[in-house]
Chemist: 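Questions regarding the structure given below will be posed in turn.
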Amino acid sequence: MIGLPALTADTSAAEACARLVDAGWRQVGAGDWSWAFADPGDHWAVRVTPFDPGYRMFARDCIDGPANRWLPTVVDVLPLLRDGYVVLMERLWPAEQQAASAFCAALGIANESGATAPTAGPAAGADEPELVALRPRIQRLLAEGRGRYGQFAVCDIREGNVMANREGRLKLIDPLGVGGWKIVDALRNDRADLLKDFTLSQVEDFLTIPYFGPGREGEGDRRELLAKAAWLYGSAVI
């Protein structure tokens with residue numbers, strides 16, 4: 001499929017990244033939660049993560065819901081080991097900042113991850129028909145996320161989560177997040193009661209996202225947090 005290497009449900013996220021490189025895909029980005037690769041022809045992209053339940057919900061909604069000009073084309077969600085997965089989607093590029101900000105302002109759903117407030121502009125209008133249709137759809141997705149993950153679910157609509165396709169059309173890419181800093185705080189403060197929605201393997205996989213990788217901000221905390229998780233879950237308080 002579109003030049004993808006074999007990626008099966010027993011493939012880890014790290015193995016998936018290595019197989020993509022071997023197949024000629026090149027890494028074009030790495031966020032806090034995932035690695036992004038583009039195919040050799042620069043037409044398709046994949047997003048690889050060991051654990052990111054919020055983006056999985058969004059990707060499924062893009063596949064199962066009606067097409068919308070403000071949403072990316074998502075082809076498939078391929079399961080990896082445990083809660084890891086690969087999203088196959090159209091290739092996107094960084095959007096112009098003012099245009100991205102205008103889109104966020106027009107959508108009018110407040111960010112909950114600490115981003116600065118957006119600024120309205122001509123790139124997107126609040127009354128544009130497909131944006132009007134998108135607004136309740138994203139609100140429903142956020143409500144579903146909060147229903148599944150409680151206080152860990154956050155709205156992450158911000159300029160950095162708006163990209164553009166080859167023609168320059170803006171695309172919202174990651175509106176629903178699971179607050180990783182909240183998981184870290186719960187581990188550090190021995191709040192087993194707050195972690196009941198996650199298994200030990202999910203927390204362990206969370207601690208392998210790019211943010212905790214070599215040279216990244218969380219690298220020095222990873223070992224301590226893994227030990228905390230093992231103790232909390234091993235103490236049978238979760």
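Here, residue 1 is the first one in the sequence, and each next residue gets the next number.
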Chemist: Side-chain contact, heavy-atom cut-off 4.5 Å: W181 with V154?
Modeler: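 The answer is yes, as the side chains (C-beta and beyond) meet within the 4.5 Å cut-off.
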Chemist: Do L200 and L194 sit in one hydrophobic cluster, given that two such residues count as connected whenever their side-chain heavy atoms are within less than 4.5 Å of each other, even indirectly?
Modeler: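 In one cluster with L200: L194, yes.
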Chemist: What I'd like to find out is whether the side chain of L225 reaches to under 4.5 Å of the side chain of R188, using heavy atoms alone.
Modeler: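 Yes, side chains in contact.
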Chemist: When you look at CD of E219, are more than 12 heavy atoms from neighbouring residues, nucleotides or ligands closer to it than 6.0 Å?
Modeler: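 Enclosed.
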Chemist: Find out whether L187 and W231 are in side-chain contact, i.e. whether some heavy atom of one side chain is under 4.5 Å from a heavy atom of the other.
Modeler: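 Not in contact.
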Chemist: For W25 and P5, which heavy atoms make the closest approach, and how far apart are they?
Modeler: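 Distance-wise, the nearest heavy atoms are NE1-CD, 4.4 Å.
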Chemist: Looking at V86 and L80, what are the two nearest heavy atoms and their distance?
Modeler: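 Scanning both residues completely, I find the closest heavy atoms to be CG2-CD1, 3.6 Å.
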Chemist: Closer than 3.5 angstrom, by distance alone: can the side chain of R135 be matched with the main-chain N or O of A126 as a donor-acceptor pair?
Modeler: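 Yes; at least one donor-acceptor contact below 3.5 Å.
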Chemist: Does any non-hydrogen side-chain atom of C155 lie less than 4.5 Å from one of I109?
Modeler: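 When only atoms from C-beta onward are counted, C155 and I109 do touch, with a gap below 4.5 Å.
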Chemist: Could you tell me if the side chain of L131 sits less than 4.5 Å from the side chain of W70, heavy atoms only?
Modeler: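 They are in side-chain contact.
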Chemist: For D83, does its backbone N or O pair with a side-chain atom of R56 as donor and acceptor, under 3.5 Å?
Modeler: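 Here the side-chain-to-backbone pair exists.
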Chemist: Do the side chains of R91 and D39 get close enough for a salt bridge, i.e. N-O under 4.0 angstrom?
Modeler: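 Salt bridge: no.
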Chemist: Who passes ring pair (Phe, Tyr, Trp, His ring centres under 6.0 Å) against F152, sequence neighbours left out?
Modeler: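 Result, ring pair (Phe, Tyr, Trp, His ring centres under 6.0 Å) vs F152: F198.
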Chemist: Could you check whether atom CD of E217 has more than 12 heavy atoms from other residues, nucleotides or ligands sitting under 6.0 Å from it?
Modeler: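 Yes.
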Chemist: Salt-bridged, R191 to D185, with N to O below 4.0 Å?
Modeler: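 A salt bridge is absent here (no side-chain N lies under 4.0 Å from a carboxylate O).
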Chemist: Consider only side-chain heavy atoms of I, L, V, M, F, W and Y, link residues closer than 4.5 Å, and tell whether L20 and L81 are in one cluster.
Modeler: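 No, L20 does not connect to L81 through the hydrophobic network.
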Chemist: For D221, does its backbone N or O pair with a side-chain atom of E224 as donor and acceptor, under 3.5 Å?
Modeler: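 Such a contact is absent between E224 side chain and D221 backbone.
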Chemist: Check the pair E130, R137 against salt bridge (Lys or Arg N to Asp or Glu O under 4.0 Å), reporting the backbone distance first and the verdict last.
Modeler: CA-CA 11 Å; E130 289 198 63; R137 180 172 172 180; over 6 Å; no
Chemist: Check whether any side-chain N or O of E167 sits under 3.5 Å from a backbone N or O of R169 as a donor-acceptor pair, and report yes or no.
Modeler: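 Checking the backbone N and O of R169 against the side chain of E167, no donor-acceptor pair under 3.5 Å is found.
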Chemist: Any non-hydrogen side-chain atom of D61 less than 4.5 Å from a side-chain atom of I138?
Modeler: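 Side-chain contact under 4.5 Å: no.
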Chemist: Donor-acceptor pair, E15 side chain versus S12 backbone, under 3.5 Å?
Modeler: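 The answer is yes, because a donor-acceptor pair under 3.5 Å joins these two groups.
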Chemist: Decide if atom CG of N189 counts as having more than 12 heavy atoms of other residues, nucleotides or ligands within a radius under 6.0 Å.
Modeler: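 Buried by this count: over 12 neighbours within 6.0 Å.
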Chemist: Count I, L, V, M, F, W, Y as connected when their side-chain heavy atoms are under 4.5 Å apart, and connections chain through other members. Are F37 and V28 then in the same cluster?
Modeler: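 No, no single cluster joins them.
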Chemist: Verify side chain to side chain contact (heavy atoms under 4.5 Å, CB included) between L134 and L107, making sure each step is shown before the conclusion.
Modeler: CA-CA 8 Å; L134 179 63; L107 187 59; 4.3 Å; yes
Chemist: Report yes if the side chains of T49 and Y55 come closer than 4.5 Å at any heavy-atom pair, otherwise no.
Modeler: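 The answer is no; the side chains never approach within 4.5 Å.
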Chemist: Could you go through the side chain to side chain contact (heavy atoms under 4.5 Å, CB included) check for M89 and V75 one step at a time?
Modeler: CA-CA 5 Å; M89 60 191 295; V75 178; 6.0 Å; no
Chemist: Quick one: do D32 and R216 make a salt bridge, cutoff under 4.0 Å?
Modeler: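 Yes, charged N to carboxylate O under 4.0 Å.
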Chemist: With a 4.5 Å cut-off on side-chain heavy-atom distances among I, L, V, M, F, W and Y, is there a chain of contacts connecting M163 to I63?
Modeler: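 In one cluster with M163: I63, yes.
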Chemist: Would you mind checking if E204 and R222 are paired as a salt bridge, meaning a charged N to carboxylate O distance below 4.0 Å?
Modeler: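 Looking at R222 and E204, the cut-off is not met.
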Chemist: Decide, yes or no, whether a salt bridge links R148 with E144 under the criterion of side-chain N to carboxylate O below 4.0 Å.
Modeler: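 Here R148 pairs with E144 in a salt bridge, since their nearest N and O are under 4.0 Å apart.
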Chemist: Mind listing the side-chain donor-acceptor pairs of residues 171-180 below 3.5 Å, one per line with the distance, residues two or more places apart or on another chain?
Modeler:
residue	atom	partner	partner atom	Å
K171	NZ	R69	O	2.9
K171	NZ	L71	O	3.4

Chemist: Sequence neighbours excluded, which residues qualify as side chain to side chain contact (heavy atoms under 4.5 Å, CB included) partners of T73?
Modeler: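 So T73 forms a side chain to side chain contact (heavy atoms under 4.5 Å, CB included) with E90.
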Chemist: Apply salt bridge (Lys or Arg N to Asp or Glu O under 4.0 Å) to residues R26 and D42 and explain how you reach the verdict.
Modeler: CA-CA 9 Å; R26 72 187 190 285; D42 229 20; 2.8 Å; yes
Chemist: Pick out which of Y85, F206, F212 makes a ring pair (Phe, Tyr, Trp, His ring centres under 6.0 Å) with W33.
Modeler: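 Per the ring pair (Phe, Tyr, Trp, His ring centres under 6.0 Å) rule, the option paired with W33 is F206, out of Y85, F206, F212.
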Chemist: Check whether any side-chain heavy atom of W35 lies under 4.5 Å from a side-chain heavy atom of Q27, and answer yes or no.
Modeler: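 SC-SC contact between W35 and Q27 confirmed.
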Chemist: According to a hydrophobic-cluster definition based on side-chain heavy atoms being under 4.5 Å apart (Ile, Leu, Val, Met, Phe, Trp, Tyr only), do L88 and V21 belong together?
Modeler: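 Same cluster: L88 reaches V21 through Ile, Leu, Val, Met, Phe, Trp or Tyr contacts under 4.5 Å.
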Chemist: Does R47 come within less than 4.0 Å of D52, counting only side-chain N to carboxylate O?
Modeler: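 Counted as a salt bridge, because a side-chain N and a carboxylate O are separated by less than 4.0 Å.
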